[in-house]
Chemist: 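Handing you a structure now.
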There are 2 protein chains.
Amino acid sequence: MDNGPRERRKSATRLALHQAALRLALEHGPDRVTVESIADAADVSRRTFSNHFAGKEEAIFYGDLLRLRRLLDLVRERPADEPPRTALTRAATALLAESDRLDPAWVAQRRLLRGHPSLIAHQVAAYAAVERELAAELGPRGADELRSKVLAATFLAALRAATRHWLEHPDRTLAEWVTEALS
Amino acid sequence: MDNGPRERRKSATRLALHQAALRLALEHGPDRVTVESIADAADVSRRTFSNHFAGKEEAIFYGDLLRLRRLLDLVRERPADEPPRTALTRAATALLAESDRLDPAWVAQRRLLRGHPSLIAHQVAAYAAVERELAAELGPRGADELRSKVLAATFLAALRAATRHWLEHPDRTLAEWVTEALS
DNA sequence: TTCCCACTGGGCAAACTTGCACGTTGGGCA
DNA sequence: TGCCCAACGTGCAAGTTTGCCCAGTGGGAA
């Protein structure tokens, strides 16, 4: 983390592109949004958009990617001798504790997904990549290769299920659903 | 005027540096402000400051420079057959009409000048350069070389005098003082 | 079908910003 | 007086953004 003006500017434009993409997608529907309109909304050239994202879907899901990477970091921050399942549960709890103020953009993003199967392809690809990283992180904690993969897959699946469930039953907090799902 | 993202960003940086410089100079005094602190306040590197301004004084007076350049443009916008003095008067009136919402930063800037003679050197240099440009603009309107220079000099001097007077006697508007001074 | 056109992805050079390094300067202190 | 050091100005290479370019794609009209 260099934290000089250069890095700050770079992630600022990336964030601006993501937020513009998400806002426009929610506003007009994901299909009626052009890369150019996103770039304009972020006060950046179309070319610069391509420097950051391979397509509008990637820009829309950038927030999700950040969230997943944060989860990975939290897992890595767990003590190295912690058993795999404990580390995963604690990391998930920590992630939810960080974002207790429920990010409305993220909720909107989730709802956006439901009606647009084309977007889901990118979503699962992103999750698959993170899943591999997550499994790799579990090896050093005493899980063989297969068990690592299974744990990572089921863990993320449980998270997704709890989130989906929460969107339909907001009567309890997301944290509660997640805790229950992980048990 | 290209008005693409690049130009917008560039003048935004310049403006941010100017405003940071002015704010810090008013806050701590012009002598106790370093180039680095200005750059930090504008979220820009020290090197970038040097790419825009030769020194902190230039950054502080950038607003003045913009104002003078705007005056020059207004003179150029006057009909080409308008006699020199009329064009000058009308341009000054137009400039005042544009900035009727009295820019508090500009007022503060003027007050800042009064206690710091070192800053005045830069100020007069800037005015001298504009004065030459202004004189050059008067030639095509039927004034010989000497008369152009005299007109430009007296015109700017009258503006400065009216402004100074207004700072001490804010009981009438700047526009009124200027109109009176130019007559 | 064929043509047209908006949208897209990406190569390329130029512009802008940045980090680093180096030499200079001017004020404070031993 | 001589030394030290913060602030400054600037050359240079690398990173980022931009404008312009061209080729590929897909959907709609002739």
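In what follows, every chain begins at residue 1, and chains take the letters A, B, ... in the order their sequences are listed. Note that the structure is predicted; figures quoted are calculated from it, not measured.
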Chemist: Rounded to whole Å, please give me the gap between CG in B:Asp31 and P in D:dA7.
Modeler: 14 Å
Chemist: If every non-hydrogen atom of A:Val33 is compared with every non-hydrogen atom of A:Leu24, which pair is closest and at what distance?
Modeler: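 Answer, listing the atom of A:Val33 first, then A:Leu24: CG2-O, 3.4 Å.
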Chemist: D:dT18 phosphate, OP1 or OP2: any side-chain N/O from A:Ser45 under 4.0 angstrom?
Modeler: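 Affirmative; the distance criterion is met.
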Chemist: Roughly, in whole Å, what's the span from CG in A:Asn51 to P in C:dC12?
Modeler: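 It works out to 14 Å between those atoms.
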Chemist: Expressed in angstrom and rounded to an integer, what is the separation of B:Phe53 atom CZ from C:dT17 atom P?
Modeler: 11 Å
Chemist: Using whole Å, report how far CZ of A:Arg46 lies from P of D:dC22.
Modeler: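 Taking CZ of A:Arg46 and P of D:dC22, I get 14 Å after rounding.
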Chemist: Does A:Arg6 make a side-chain donor-acceptor contact with the base of C:dT17, cut-off 3.5 Å?
Modeler: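 Such a pair is found, so the answer is yes.
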Chemist: Should B:Lys56 be listed as having a side-chain N or O under 4.0 Å from OP1 or OP2 of D:dC8?
Modeler: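 For D:dC8, OP1/OP2 do have a side-chain N/O of B:Lys56 under 4.0 Å.
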Chemist: Is A:Thr34 close enough to C:dC7 that one of its side-chain N or O atoms is under 4.0 Å from OP1 or OP2 there?
Modeler: no
Chemist: Take A:Phe49 and A:Gly4, find for each the nucleotide of DNA chain C with the closest heavy atom, and name the residue whose nucleotide sits nearer the 5' end.
Modeler: A:Phe49
Chemist: Check every atom of C:dG11, D:dC21, C:dA21 against the side chain of A:Arg47 and return the nucleotide holding the closest atom.
Modeler: C:dG11
Chemist: Phosphate oxygens OP1/OP2 of C:dT17: is one of them under 4.0 Å from a side-chain N or O of B:His52?
Modeler: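 For C:dT17, OP1/OP2 do have a side-chain N/O of B:His52 under 4.0 Å.
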Chemist: Using side chain to side chain contact (heavy atoms under 4.5 Å, CB included), reason through A:Gln109 and A:Phe61 one step at a time and then give a plain yes or no.
Modeler: CA-CA 8 Å; A:Gln109 186 175 344; A:Phe61 290 127; 3.6 Å; yes
Chemist: Specify the closest pair of heavy atoms between B:Lys56 and B:Thr34, including all atoms of both residues, with the distance to one decimal.
Modeler: NZ-CA, 4.5 Å
Chemist: Using side-chain hydrogen bond (donor to acceptor under 3.5 Å, both in side chains) as the criterion, point out the one residue from B:Arg110, B:Arg69, B:His18 that pairs with B:Asp64.
Modeler: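 In the set B:Arg110, B:Arg69, B:His18, the residue that makes a side-chain hydrogen bond (donor to acceptor under 3.5 Å, both in side chains) with B:Asp64 is B:Arg110.
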Chemist: Grab the CD-P distance between A:Glu7 and D:dA14 for me, whole Å please.
Modeler: 16 Å
Chemist: Kindly say if B:Thr13 contacts the phosphate of C:dT17, meaning a side-chain N or O under 4.0 Å from OP1 or OP2.
Modeler: yes
Chemist: Closest to the B:Lys10 side chain: C:dT8, D:dC12, C:dC16?
Modeler: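 Selected nucleotide (nearest to the side chain): C:dC16.
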Chemist: The side chain of B:Pro5 lies closest to which of these nucleotides: C:dG19, D:dT18, D:dC21?
Modeler: D:dT18
Chemist: Atom CG of A:Asn3 to atom P of C:dG19: distance rounded to whole Å?
Modeler: 10 Å
Chemist: Take the protein atom CZ of B:Arg8 and the nucleotide atom P of C:dC16, then report the distance between them rounded to whole Å.
Modeler: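 Distance check: B:Arg8 CZ to C:dC16 P gives 15 Å.
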Chemist: Check whether A:Thr93 reaches the backbone of A:Thr89 with its side chain - one donor and one acceptor, N or O, closer than 3.5 Å.
Modeler: yes
Chemist: Between B:Arg32 (CZ) and C:dG26 (P), how many Å, whole number?
Modeler: 19 Å
Chemist: Does a side-chain N or O of B:Arg9 approach OP1 or OP2 of D:dT17 to a distance below 4.0 Å, or not?
Modeler: no
